[in-house]
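For reference, the structure is listed below as structure tokens.
Count residues from 1 along the sequence.
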Amino acid sequence: MANVAIIGAQWGDEGKGKVVDWLASRADIVVRFQGGHNAGHTLVVGEQTYKLSLLPSGVVRGKLGIIGNGVVLDPDALLGEIEKVTAQGLKVTPENLRIAENTPLILPLHPALDKAREAARGGDKIGTTGRGIGPAYEDKVGRRSIRLCDLAEPETLSKKLDELLLHHNSLLRGLGAPEFEKAALLQQILGWAPKLLPFMEAVWERLDAARAEGKRVLFEGAQAVMLDVDHGTFPYVTSSNTVAGNAAAGSGIGPHAIGTVLGIAKAYTTRVGSGPFPTELFDDTGKLLGQRGHEFGTVTGRPRRCGWFDACLVRQAVKVGGVQGLVLTKLDVLDGLPELKICTGYEIDGERMRRLPSAMAAQAAAKPVYETVEGWSGSTRGARSWAELPAQAVKYVRRIEELVEAPVTLLSTSPERDDTITVTDPFAG
């Protein structure tokens, strides 16, 4: 069985949607293994544009989609998303979508706490989406979560809700935010049961059967390595492990079954929200990258911060994320720039480093060390072979390969699915 796991190799928003869609067309099953509806993938298929946050991208291609136990699931968000894509002509039923029975749920009290805490932080806010992702993961590790399987056991649900409200109402009270009443919340949760339980199953059994049958499985990550709760720019990170190793724990398969790991990176760098960004540009070039790249968050609509390609950062993501091949996107955004810069390291308090350290003050003090390369005047947009690329564009890609210490497996040259240069087939194993 030749499986593929795909993760972001920067701070997210690298263009995973198109690449995952392209790979999903060749897979049998697509598994979402972490994150929540704070992540978004945009898929352009013909004249239709699908914006997905929870649904695995495979549903657009008629493949089986699985939401794994590593995801925190907002029932209203999922049901709303199903309704939206149904209006666009897709069918989402228990025949093509399954949800792990042990998936934790995001309840209305989670975003309420998320927003109240962000407001209390003032200028030191993390920059969360306010959708309750962090508090839901906190409940998971605190063993308080209400999980999908609890919807089938009203008595269990009622008891667990008592504990959950004791915890959350205490926090909300301390922050001066409104508290939640059990009766209304219990009624809302029970109302989800008939809509969600038909999708529920022990997905680890299905994935084990797929392994035995030699089916192709695509593991779809959200966010990116530098937003990983352990390996990212903590505390300006998401609340889950975004590295490929979590594909196993987040779906219920052994690590041997993850297969080839692809990391997606833009030909430049972007970031949404707060946190360190050594190569960020505040000049006209930064604005140009944002305009050309249409750099606005799929979920939040927030403008993304833009900067030069940080090879030091991506190399770090390659190492800790287990990336075996790089997928480089949005090369065409750099068309026409006379010169480009690539960050090859940092200077921190007079010391040169090839990694971004974990300490907050050191991250904030990191100044990029640049290598300047010649740009190109021709167009790369829509290229489907190396021969169609300007010579300097090829040199730029090759230099990135050298610096991040990983080969470019796929090169994306436009939002269109077929505008992709394939170097090696990731499903070949």
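Without hydrogens or angle criteria, R216 side chain to V4 main chain gives no donor-acceptor distance under 3.5 Å. A donor-acceptor pair is defined here as one N or O able to donate and one able to accept, closer than 3.5 Å; such a pair exists between the side chain of R292 and the backbone of V333. Proximity of a side-chain donor or acceptor of N246 to a complementary backbone N or O of N241 within less than 3.5 Å is detected. Using a distance-only test at 3.5 Å, with no hydrogens or angles considered, no donor-acceptor pair links the side chain of D228 to the main chain of V237. With hydrogens and angles ignored, the 3.5 Å screen pairs a side-chain donor or acceptor of K63 with a backbone N or O of S25. In this structure, the side chain of T269 engages the main chain of W308 through a donor-acceptor pair within 3.5 Å.
Among residue pairs with one or both ends in residues 177-201, those qualifying as salt bridge (Lys or Arg N to Asp or Glu O under 4.0 Å) are R98-E201, D162-K182, R173-E179, E201-R206; sequence neighbours excluded. Contacts classified as side chain to side chain donor-acceptor pair (under 3.5 Å) and involving residues 276-285 (residues at least two apart or in different chains) are given here: E280-R305.
A salt bridge is defined here as a Lys NZ or Arg NE, NH1 or NH2 lying under 4.0 Å from an Asp or Glu carboxylate O, and E405 with K319 meets this definition. Salt-bridge annotation for D208 and R211: present, with a side-chain N of the basic residue lying under 4.0 Å from a carboxylate O of the acidic one.
Side-chain atoms of R117 and T128 include no donor-acceptor pair closer than 3.5 Å. Side-chain atoms of D139 and H168 form a donor-acceptor pair, as typed in the model, at a separation below 3.5 Å. In this model, a donor atom of one side chain and an acceptor atom of the other lie less than 3.5 Å apart for S414 and D419.
I348 places a side-chain heavy atom less than 4.5 Å from the side chain of P357. Contact check for L410 versus W22: side-chain heavy atoms found under the 4.5 Å cut-off. Here the side chains of F180 and L113 are not in contact, with every heavy-atom distance at 4.5 Å or above.
The local environment of CD in Q187 is sparse, with at most 12 non-hydrogen atoms from other residues, nucleotides or ligands closer than 6.0 Å. E155 CD: 12 or fewer foreign heavy atoms inside a 6.0 Å radius.
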